[in-house]
Amino acid sequence: MMKIKSPKKVILLMAISLILFIVTSLIAANDLKLGDKEVINRILYGAILYLWATWMYVGKHRFYRFFMTFILIVYTFGFISFLFVPSFNLLAIIQIICAITGILINISTILVVRNERSKIANG
């Protein structure tokens, strides 16, 4: 089995988290009957923050670990908010599964970034 290096793993996990956020937002917007403007704003804002955090991580900019961890914690709470559904149907079940997966992915990414920081500090 091929072991994925830490930077590639973080980028892959961030991409999966962004896709899950977009899918969960679209499902929630459909269930809540939100307008197109609100959905587009939510998705664009999330995508910009995810991409900015990833860009900072790849470029190893100053405070990139703090910023990435902060963004992931914020969107973990966002995924937690998607767990509360107004009605219980097939879309709600898919939304809950996507939200739980997003929470687990974000926590995994935070742990990978934190482990990387520990290796650098202890190395």
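From a predicted model like this one, the values you see are computed outputs, not experimental measurements.
For F70, the ring-ring contact (aromatic ring centres under 6.0 Å, His included) criterion is met by no residue, not counting sequence neighbours. Among residues two or more places apart in sequence or in another chain, the side chain to side chain donor-acceptor pair (under 3.5 Å) test is passed with S17 by Y50, N106. For I110, the side chain to side chain contact (heavy atoms under 4.5 Å, CB included) test picks out T69, L72, I73, with sequence neighbours left out. Partners of V58 by side chain to side chain contact (heavy atoms under 4.5 Å, CB included), not counting sequence neighbours, listed by chain and number: I11, T54.
Placement of F82 and F77 within a single hydrophobic cluster is found when ILVMFWY residues are connected by side-chain heavy-atom separations under 4.5 Å, directly or transitively. Both L111 and L20 are part of a single hydrophobic cluster, where members link through side-chain heavy atoms under 4.5 Å apart. The hydrophobic clustering, which links ILVMFWY residues whose side-chain heavy atoms are closer than 4.5 Å, places L49 and L44 apart. Follow the hydrophobic side-chain contacts under 4.5 Å out from I48 and you never reach V39; the two are in separate clusters. A continuous path of hydrophobic side-chain contacts links I71 to L12 [ILVMFWY only; heavy atoms under 4.5 Å].
A centroid separation of 6.0 Å or more is found between the aromatic rings of Y64 and W55.
In this structure, the side chains of I105 and F79 stay at 4.5 Å or more apart for every pair of heavy atoms. In this structure the side chain of T109 never reaches within 4.5 angstrom of the side chain of K9, judged on heavy atoms. Side-chain atoms of M14 and M68, non-hydrogen and from C-beta on, do get closer than 4.5 Å to each other.
Applying the under-4.5 Å side-chain rule to Ile, Leu, Val, Met, Phe, Trp and Tyr, the cluster around F63 consists of that residue alone.
When I27, V23, L90, N89 are each tested for a side-chain contact (heavy atoms from CB on, under 4.5 Å) with Q95, only one passes: I27.
Annotation: the span from I19 atom CD1 to T24 atom OG1 amounts to 11.5 Å, rounded to 0.5 Å.
In this structure, Y75 and F21 have perpendicular ring planes: the angle between them is above 60°, well past the 30° mark.
Taking both residues in full, the closest heavy atoms of S25 and I43 are given as CB-CG1, 4.1 Å, listed atom of the first, atom of the second, then distance.
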Only distances under 3.5 Å count here; give the side-chain donor-acceptor pairs of residues 96-103 to other protein atoms, sequence neighbours excluded, each with its distance to 0.1 Å.
{"from": "T101", "atom 1": "OG1", "to": "I97", "atom 2": "O", "distance (Å)": "2.7"}

